[in-house]
Amino acid sequence: MLFDRVPPHDDDAEMAVLGGMLMSKDAIGEVSQMIDISDFYQPKHQTIYEAIVTLFSASQPVDAVLVANELLKSGDLEKVGGTDYLHSLVASVPTAANATYYAEIVHQRAILRNVIAAGTKIAQLGYSAEGSQAEDIVNLAQAEVYEMSVGRVRQDYEAIGPVVHDTLDQLDKLQNGDLERGVPTGFKSIDDVTQGLQPGQMIVVAGRPAMGKSTLGIDFARAAALHNNMTTVVFSLEMSKNELAQRIISAETDIPLVALRRADDITPERWNTLNTFWSRLQDAPLFLDDSPNMSLMEIRAKCRRLKQTNDLKLVVIDYLQLMTSGKRVESRQQEVSDFSRALKLLAKELEVPVVALSQLNRGPEMRNDKKPMLSDLRESGSIEQDADVVFLVHRPDFYDKEDRPGEADIILAKHRNGPTDTFKLAFLGEKSKFKDMPQDYQQGGV
């Protein structure tokens with residue numbers, strides 16, 4: 001017997017984790033990233049966990065009844081306490097939102113058990129060794145402790161040699177024009193400067209309300225999914241799927257948005273255009289999600305799933321300040337800071353660009369030229385610091401109809417790997433899109 005006392009474990013936390021997983025497939029995605037089957041102390045919990053993950057990995061729905069079927073097939077249902085026990089797991093937690101909190105407890109207890117096991121093993125090595133083997137025993141002991149700590153650590157450091165080699169390689173490709181560009185934004189001027197939206201980057205598109213930040217976010221999504229066949233997901237916390245669809249239809253077909261809301265305005269000719277567009281769009285890899293009160297956990301789980309199943313290339317979130325964490329937090333500012341940090345980590349983990357739309361504070365309204373600045377993001381703590389690229393959307397004609405009507409400035413206010421710049425685009429509000437300015441266009445007086 002390894003342990004002379006009952007090893008550290010927490011049955012309630014184990015039950016709560018499994019209960020949360022049976023209630024929500026998003027919880028499964030999150031929890032399976034955090035803990036391993038061996039983290040459970042109770043063998044029956046290990047068996048249930050394995051059945052849940054097996055169903056989830058096969059993209060099957062998961063609930064108490066389906067898991068019971070799975071366990072029945074493998075002959076394990078009675079061993080774990082039958083369907084009654086599975087239902088009691090679901091009843092043991094009020095919501096799946098805290099599944100990750102309980103998973104952390106389960107994982108910590110498992111680490112403590114590993115510490116005890118390693119300590120016992122090291123003690124046994126010490127007792128059974130001859131004096132001449134002392135150094136070997138120290139090595140074995142270190143290996144034992146290392147083995148224990150390595151559980152969830154990926155090798156994240158690398159010698160300078162290969163890193164420099166890769167960097168020079170990239171430079172070579174850049175010179176020869178072979179470098180894989182990132183996800184195209186659909187705007188030539190922006191793509192020339194940024195080389196597209198790069199994997200692993202967090203890109204913030206910010207503006208005051210009604211400036212067109214949602215429109216620009218949807219423009220990026222259209223360019224990627226509809227024009228370059230790259231899987232894109234838009235999490236819309238503000239607009240419904242139908243509103244989003246109307247904007248996308250209008251932008252793609254040039255039928256004004258107003259017409260799509262009035263049946264009389266759709267002439268046979270326009271129906272023709274819409275039908276052609278529909279047949280072109282049928283297999284487009286664009287996913288829309290307008291679930292209410294979207295939590296960070298759900299967004300992460302859904303993105304991971306799309307990465308596995310559809311090779312996700314771009315994520316757009318509209319907009320940051322509408323996300324909820326489901327937890328009680330000290331301040332809203334702290335919560336938004338947590339989101340921006342987590343989205344940056346998500347971009348790195350999935351190796352896709354994450355475009356987060358964000359509201360600016362009232363700073364621009366106070367200035368004479370109404371021009372937004374990077375510091376207008378400040379109220380949200382770490383957004384400015386976490387972002388690799390920040391675009392600020394500014395339309396002078398919003399404040400003064402005579403001031404450059406129909407034009408917009410997209411200010412690249414932060415660009416971690418390149419120059420900042422300001423891009424002039426045409427804003428077609430009635431068709432819900434921005435557009436490159438004609439090449440020969442000269443702005444008055446410049």
Side-chain angles (χ1 to χ4, degrees), residues 17 20-21 24-35 95-105 107-108 152-154 156 183 197-206 213 217 220-221 232-238 287 289-308 312-359 377-391 414 416:
V17 168
M21 292 171 86
S24 150
K25 56 179 183 290
D26 295 332
I28 303 174
E30 287 286 297
V31 169
S32 57
Q33 296 284 323
M34 297 171 64
I35 58 178
T95 158
N98 300 330
T100 50
Y101 170 75
Y102 294 120
E104 189 54 37
I105 295 173
H107 184 53
Q108 294 298 329
R152 293 232 153 240
V153 181
R154 292 184 290 278
D156 46 8
V183 176
L197 309 174
Q198 299 294 328
Q201 285 190 339
M202 174 176 161
I203 294 112
V204 170
V205 174
K213 59 180 182 306
F220 288 174
T232 301
V233 60
V234 178
F235 294 101
S236 175
L237 311 181
E238 193 172 33
F287 296 88
D289 191 328
D290 64 356
S291 317
N293 304 329
M294 185 96 61
S295 74
L296 185 59
M297 180 173 114
E298 286 175 86
I299 287 178
R300 276 203 304 243
K302 286 169 176 171
C303 290
R304 283 189 187 124
R305 208 174 318 139
L306 278 170
K307 181 74 180 173
Q308 283 169 339
L312 182 63
K313 291 289 189 207
L314 176 67
V315 177
V316 179
I317 297 171
D318 181 15
Y319 61 96
L320 200 53
Q321 283 84 354
L322 288 177
M323 281 166 62
T324 58
S325 63
K327 293 198 199 89
R328 303 232 320 257
V329 279
E330 296 152 36
S331 70
R332 183 68 190 135
Q333 189 172 340
Q334 177 60 44
E335 194 172 30
V336 173
S337 292
D338 290 348
F339 292 150
S340 85
R341 189 88 215 99
L343 292 176
K344 170 63 187 160
L345 293 174
L346 181 72
K348 282 182 74 169
E349 179 196 331
L350 296 181
E351 293 187 326
V352 300
V354 171
V355 176
L357 311 188
S358 176
Q359 288 266 19
L377 273 169
R378 280 284 154 76
E379 59 174 354
S380 308
S382 61
I383 297 182
E384 177 192 351
Q385 158 193 333
D386 291 327
D388 296 281
V389 175
V390 177
F391 292 111
K414 179 180 180 184
R416 193 161 295 191

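The figures that follow rest on heavy atoms only: side chains count, while hydrogens, waters and symmetry mates do not.
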I want to check something: taking the side chain as every heavy atom from C-beta on, are [X] and [Y] in contact at a cut-off of under 4.5 Å?
X	Y	result
Ile203	Phe391	yes
Val183	Phe220	no
Asp318	Leu237	no
Ile317	Ile299	yes

Should Glu30 and Arg300 be marked as a salt bridge (Lys or Arg N to Asp or Glu O under 4.0 Å) after you check the CA-CA gap, both sets of side-chain angles, and the distance that decides it?
CA-CA 8 Å; Glu30 287 286 297; Arg300 276 203 304 243; 2.7 Å; yes
Taking [X] for the side chain and [Y] for the main chain, is one N or O donor matched with an acceptor at less than 3.5 Å?
X	Y	value
Ser24	Met21	no
Asp388	Arg416	no
Lys344	Gln385	no
Lys213	Ser358	no

Please name the pair of heavy atoms, one in [X] and one in [Y], separated by the smallest distance, quoted to 0.1 Å.
X	Y	result
Ala356	Met202	CB-CE, 4.4 Å
Met34	Thr100	CE-O, 3.3 Å
Ala99	Val17	O-CG2, 4.0 Å

Output side-chain donor-acceptor pairs under 3.5 Å for residues 346-354, partner residues at least two apart or in another chain, one line each.
from	atom 1	to	atom 2	distance (Å)
Glu349	OE1	Arg304	NH2	3.2
Glu349	OE2	Arg304	NE	2.8

Audit row: Leu197, Leu314, side-chain contact (heavy atoms from CB on, under 4.5 Å) steps and yes/no
CA-CA 9 Å; Leu197 309 174; Leu314 176 67; 4.0 Å; yes
Sole residue of Thr232, Asp289, Val315, Leu312 in side-chain contact (heavy atoms from CB on, under 4.5 Å) with Leu306
Leu312
Could you tell me whether Arg305 and Asp26 make a salt bridge, using a distance below 4.0 angstrom between a side-chain N and a carboxylate O?
yes
Go through it in stages, so that I can follow the logic: the residues are Phe235 and Cys303, the test is side-chain contact (heavy atoms from CB on, under 4.5 Å), and I'd like the CA-CA distance, side-chain angles, deciding distance and then a yes or no.
CA-CA 10 Å; Phe235 294 101; Cys303 290; 3.6 Å; yes
Take atom NZ of Lys25 as the centre, draw a 6.0 Å sphere, and report whether it contains more than 12 heavy atoms from other residues, nucleotides or ligands.
no
Under the side chain to side chain donor-acceptor pair (under 3.5 Å) rule, what do Asp386 and Ser340 come out as? Steps first, then yes or no, please.
CA-CA 7 Å; Asp386 291 327; Ser340 85; 2.5 Å; yes
